[in-house]
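All values reported here derive from a predicted model rather than from experimental measurement.
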Amino acid sequence: AYHALGSVLAEFGRMEDAEVAYREGAMLGSLAAANNLATLLMEKGEPDEAEKWWYRAAIAGSPPSAGNIGVIYLNNGDEAMAELWFRRGAGMGDPGSAYNLGRLLVDRGGGSEEEGVHWLQVAMRAGLVPELAEAVESPLRTRAESGDLDAAYSLGRGLRDRGVLDEAERWLLMAAEGGHRSAANSLGQLYLRQGNEVAAEEWYRKSAEAGEGEAALNLGNLLSSQDRLDEALRSYEQALEAGVLPAAMSMGLTLERQGDLVGAERFLRQAATESHAYQAFGAYNLSKFLERQGRTQEAEQWSKFRGGG
């Protein structure tokens, strides 16, 4: 759960807290936490410690860590050792290792091209190579052009995730205007990514009104960021009614901002005790809330919560 907590903290831009969570998880034996800790350290400009954690995780069986060690050897000009580690990672199912191994073998030539193509195909099936994404998108585009809203949504979302935002907007808008509520939510996310909060709010609201719980949560978070707290609370209530449990965490934090400490604690406890993808982050926020109230012993207990992940 430290790995999950670190990932959520990193997603929210709280990199120092993410490092603490990853380090705790790595010390407890989480290979995923060790790999992410190493990646974070490398981004911070601390390659020596990063390499140490990647080695530790790779030897213990972490596929992506093995691939990262291979990249280090390749950058240092040692292709033989790079190949060894890429093979180790690819053999354990890491698509990044498969791609790097394939490129290494194809570029080497001398009869190794056929095996290299095999590993590139493995990576393509995992979606790492743009050619695969284009192959997947082609039939979706054909269906979308014939008016299939589900295809337009899937195509738009995939393009958005790949950063092809202009075409993504076209297909998501088509699906959303046709009444596809998930597409409306994704369109709101795209507009928010572009900094267009007015358009984001419009489409989040349309999606939420159509019953999309995730959109209600996203709308609440947007309204909260604009200090429209009463409106945000109504959106969080709607998300909770739709079964989106992470909204309890946002509800609790917003109530705390309004000075309703009793209500805040109730919802933060709900976020920390009921099972959902962000439960560990819910426990983290409950811990911080209790700490702010001077209840340090209880706060410490929740700070150690590992959850179900």
Side-chain angles (χ1 to χ4, degrees), residues 1-72 85 88-89 92-97 217 221 244-253 256 264-309:
Y2 280 113
H3 165 247
L5 174 58
S7 298
V8 173
L9 290 167
E11 182 180 337
F12 279 82
R14 297 165 61 170
M15 306 311 293
E16 292 184 3
D17 290 333
E19 180 179 344
V20 171
Y22 286 146
R23 197 176 293 278
E24 289 284 347
M27 294 297 291
L28 290 170
S30 168
L31 301 185
N35 181 68
N36 283 8
L37 172 61
T39 301
L40 189 152
L41 290 168
M42 184 65 76
E43 291 172 352
K44 283 180 59 181
E46 301 178 20
D48 292 340
E49 189 180 3
E51 187 173 341
K52 180 190 76 171
W53 283 109
W54 270 330
Y55 265 116
R56 182 179 296 185
I59 291 171
S62 167
S65 294
N68 286 324
I69 293 298
V71 171
I72 291 174
W85 283 103
R88 183 181 182 115
M92 291 189 290
D94 177 47
S97 296
L217 173 58
N221 288 338
V244 182
L245 289 174
M249 179 168 53
S250 296
M251 176 83 84
L253 293 172
E256 183 185 11
E265 182 172 347
R266 178 165 68 89
F267 282 103
L268 288 173
R269 283 192 182 279
Q270 181 182 357
T273 55
E274 295 189 23
S275 179
H276 58 90
Y278 293 105
Q279 186 181 3
F281 196 35
Y284 175 86
N285 276 304
L286 175 59
S287 166
K288 291 299 182 183
F289 170 81
L290 294 168
E291 186 178 294
R292 289 191 291 273
Q293 306 310 311
R295 295 153 65 181
T296 54
Q297 185 174 359
E298 190 178 1
E300 184 177 355
Q301 291 173 347
W302 279 105
S303 72
K304 298 176 181 177
F305 178 79
R306 301 186 191 180

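- Contact check for Glu256 versus Arg292: side-chain heavy atoms found under the 4.5 Å cut-off.
- Residues forming a salt bridge (Lys or Arg N to Asp or Glu O under 4.0 Å) with Glu298 (at least two apart in sequence, or on another chain): Arg269, Arg295.
- Pairs passing the salt bridge (charged side-chain N to carboxylate O under 4.0 Å, His left out) check and including a residue from residues 29-41, sequence neighbours excluded, do not occur.
- Shown here for Ser287 and Ser303, the closest heavy-atom pair between the two residues is OG-CB, 3.5 Å.
- Using a 4.5 Å heavy-atom cutoff, the side chains of Met249 and Leu217 are not in contact.
- Atoms NZ and CG, on Lys288 and Asp17 in that order, are 6.0 Å from each other to the nearest 0.5 Å.
- Here the shortest heavy-atom pairing between Ala18 and Ala10 reads CB-N, 3.8 Å.
- Evaluation of the salt bridge (charged side-chain N to carboxylate O under 4.0 Å, His left out) test over residues 31-46, restricted to residues two or more places apart or in two chains, returns Glu19-Lys44, Lys44-Glu46.
- For Asn35, the side chain to side chain donor-acceptor pair (under 3.5 Å) criterion is met by Trp54, Ser65, Asn68, not counting sequence neighbours.
- For the atom pair CG of Leu286 and CG of Leu253, the computed distance is 10.0 Å after rounding to the nearest 0.5 Å.
- Closest heavy-atom contact between Ala50 and Met42: CB-N, 3.8 Å.
- Between Ala66 and Trp85 the shortest heavy-atom distance is O-CB, 3.4 Å.
- Ser97 and Pro63 get closest at one heavy-atom pair: OG-O, 3.9 Å.
- Scored by the side-chain contact (heavy atoms from CB on, under 4.5 Å) test, Ala34 finds Ala26, Trp53, Ala57 as partners (sequence neighbours excluded).
- Note that CD of Glu265 and CG of Leu290 are 5.5 Å apart. Values are rounded to the nearest 0.5 Å.
- Distance CZ/Arg88 to CD1/Ile59: 7.0 Å, rounded to 0.5 Å.
- Checked against salt bridge (Lys or Arg N to Asp or Glu O under 4.0 Å), Arg266 has no partners two or more places apart in sequence or in another chain.
- Thr296 places no side-chain N or O within donor-acceptor distance of the main-chain N or O of Glu291, the cut-off being under 3.5 Å.
- Contact between Glu274 and Leu245 at its shortest, heavy atoms only, is OE1-CD2, 3.2 Å.
- Proximity of Tyr284 to Leu9: side-chain heavy atoms (C-beta onward) are separated by under 4.5 Å at one or more points.
- Leu41 CG to Glu51 CD: the interatomic distance, rounded to the nearest 0.5 Å, is 12.0 Å.
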